[in-house]
Number of protein chains: 2
Amino acid sequence: MPFVDNIGFLMSRASGQLVRATNAALGSEGLRVRQYSVLSVVCESGGSSQRELAAVLGLDPSQVVALVDDLDAAGLVERRPSPADRRTKVVVPTEAGIAAGERAAGRAAKALEETLAPLTDEERATLRTLLARVTFATR
Amino acid sequence: MPFVDNIGFLMSRASGQLVRATNAALGSEGLRVRQYSVLSVVCESGGSSQRELAAVLGLDPSQVVALVDDLDAAGLVERRPSPADRRTKVVVPTEAGIAAGERAAGRAAKALEETLAPLTDEERATLRTLLARVTFATR
DNA sequence: TATTGTTATACTCTATAACTATA
DNA sequence: TATAGTTATAGAGTATAACAATA
């Protein structure tokens with residue numbers, strides 16, 4: 001089988017396409033996909049420690065620091081001291097962050113839709129399930 | 001649906017896993033996955049111009065220069081002048097490159113096999129087909 | 001002792017622009 | 001004027017190690 005049909009090559013390429021399309025779509029919000037992923041989780045949970053963010057997103061804690069710094073500087077999240085543990089900082093979305101997160105989600109969804117245009121809804125569901133099973137071991 | 005079930009996030013994460021596993025598997029050959037991809041195509045074709053490599057792999061020509069430089073320095077490929085066009089350099093594998101490419105292919109296949117362990121053969125085929133259709137537009 | 005967040009560092013990957021030599 | 005390869009540069013992503021504060 002030709003190298004370009006290798007599943008690893010295809011996945012890397014499809015992922016790159018999707019990241020590029022999503023970054024382009026999020027540009028108007030001043031976000032990139034990694035910052036957006038942190039904002040999304042924080043909006044969803046209403047507040048997460050950086051350790052939780054690292055675990056959920058599969059990132060190193062030091063990367064989370066930088067991403068939260070970016071979102072903080074943009075006024076989209078705040079670090080609040082945890083009442084239970086003074087080592088922990090709870091990252092919570094600001095009002096602006098919630099609004100930006102919602103707009104960004106719409107734009108990201110559109111970029112995803114366009115990138116996955118060749119697939120039917122059923123095929124997208126299949127793809128999601130297969131990818132989820134591949135990544136499950138590292139979650 | 002939770003953000004971590006987003007198909008873009010899952011694809012990015014699965015792709016990252018696969019690249020890491022493959023890089024680890026190729027380390028003993030002194031290769032990384034991008035250099036390996038160039039070597040694979042060159043071994044397959046028996047000789048490709050850098051422009052062809054860029055097109056087939058979806059890379060910028062300047063990236064191909066660097067990757068071919070690496071493979072050249074390792075003695076795995078050679079740049080030969082094209083008889084038809086003096087601007088063009090044909091990248092051909094050396095004997096060592098062919099041998100390294102075969103060993104690397106075996107190791108990369110094993111890393112892929114382990115990363116895709118949760119999927120059946122049929123599911124892997126489905127995944128490949130879906131990814132190929134997503135990437136087709138940019139080929 | 002272990003954990004949370006942080007800083008520092010280095011390397012890889014990605015993206016662009018500009019240059020040369022040839023066509 | 002356009003194309004193949006190259007160089008240069010900057011920014012983004014990834015990977016580790018070490019540290020202070022706190023548990």
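Proteins come first, then strands; the chains are lettered A, B, ... in the order of their sequence lines, and each starts at number 1.
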* Asked: Does a sphere of radius 6.0 Å around CZ in B:Arg133 hold more than 12 heavy atoms from other residues, nucleotides or ligands, not counting ones at 6.0 Å or beyond?
  -> yes

* Mapping B:Asp60 and A:Arg86 to their closest nucleotides on DNA chain D, which lands nearer the 5' end? -> B:Asp60

* Aromatic plane relationship, B:Phe9 with B:Phe3 - under 30° parallel, 30 to 60° tilted, over 60° perpendicular -> tilted

Gap between atoms [atom1] and [atom2], on [X] and [N] respectively (whole Å):
X: A:Leu59; N: C:dT6; atom1: CG; atom2: P; answer: 15 Å
X: A:Asp85; N: C:dG5; atom1: CG; atom2: P; answer: 8 Å
X: B:Lys89; N: C:dA21; atom1: NZ; atom2: P; answer: 11 Å
X: A:Leu57; N: D:dG13; atom1: CG; atom2: P; answer: 13 Å
X: B:Leu67; N: C:dT12; atom1: CG; atom2: P; answer: 12 Å
X: A:Arg34; N: C:dT14; atom1: CZ; atom2: P; answer: 13 Å
X: B:Arg32; N: D:dT14; atom1: CZ; atom2: C1'; answer: 9 Å
X: B:Gln63; N: D:dA12; atom1: CD; atom2: P; answer: 16 Å

* Structure fact -> Exactly one of B:Lys89, B:Arg80, B:Arg79 clears salt bridge (Lys or Arg N to Asp or Glu O under 4.0 Å) with B:Asp72, and that residue is B:Arg79

* Results of side-chain hydrogen bond (donor to acceptor under 3.5 Å, both in side chains) for B:Asn6 - residues two or more places apart only -> none

* To do: Would you indicate what B:Ser82 reaches in the nucleic acid, counting non-hydrogen atoms under 4.0 angstrom: base, sugar-phosphate, or nothing?
  => nothing

* Structure fact -> When A:Arg79 and B:Gln35 are each assigned the nearest nucleotide of DNA chain C, the 5'-most assignment goes to A:Arg79

* Structure fact -> 5'-most contact on DNA chain C (nearest-nucleotide basis), A:Ser48 vs A:Gly16, goes to A:Ser48

* **Closest to the B:Val65 side chain, choosing from C:dG5, D:dT7, D:dA17** => D:dT7

* Output yes when at least one side-chain N/O atom of B:Arg20 is less than 4.0 Å from OP1 or OP2 of C:dC13, else no. => no

* To do: May I ask you to evaluate whether A:Arg87 reaches the phosphate of D:dA23, defined as a side-chain N or O under 4.0 Å from OP1 or OP2?
  => no

* Would you say the side chain of A:Ser49 and the base of C:dT4 hold a donor-acceptor pair, judged only by whether the two atoms sit under 3.5 Å apart? -> no

* Is a donor-acceptor pair below 3.5 Å formed from side chain B:Thr88 to base C:dT22, judging by atom type as modelled? -> no

* **Side-chain H-bond candidate by donor/acceptor type, B:Gln17 with A:Thr135, under 3.5 Å** => no

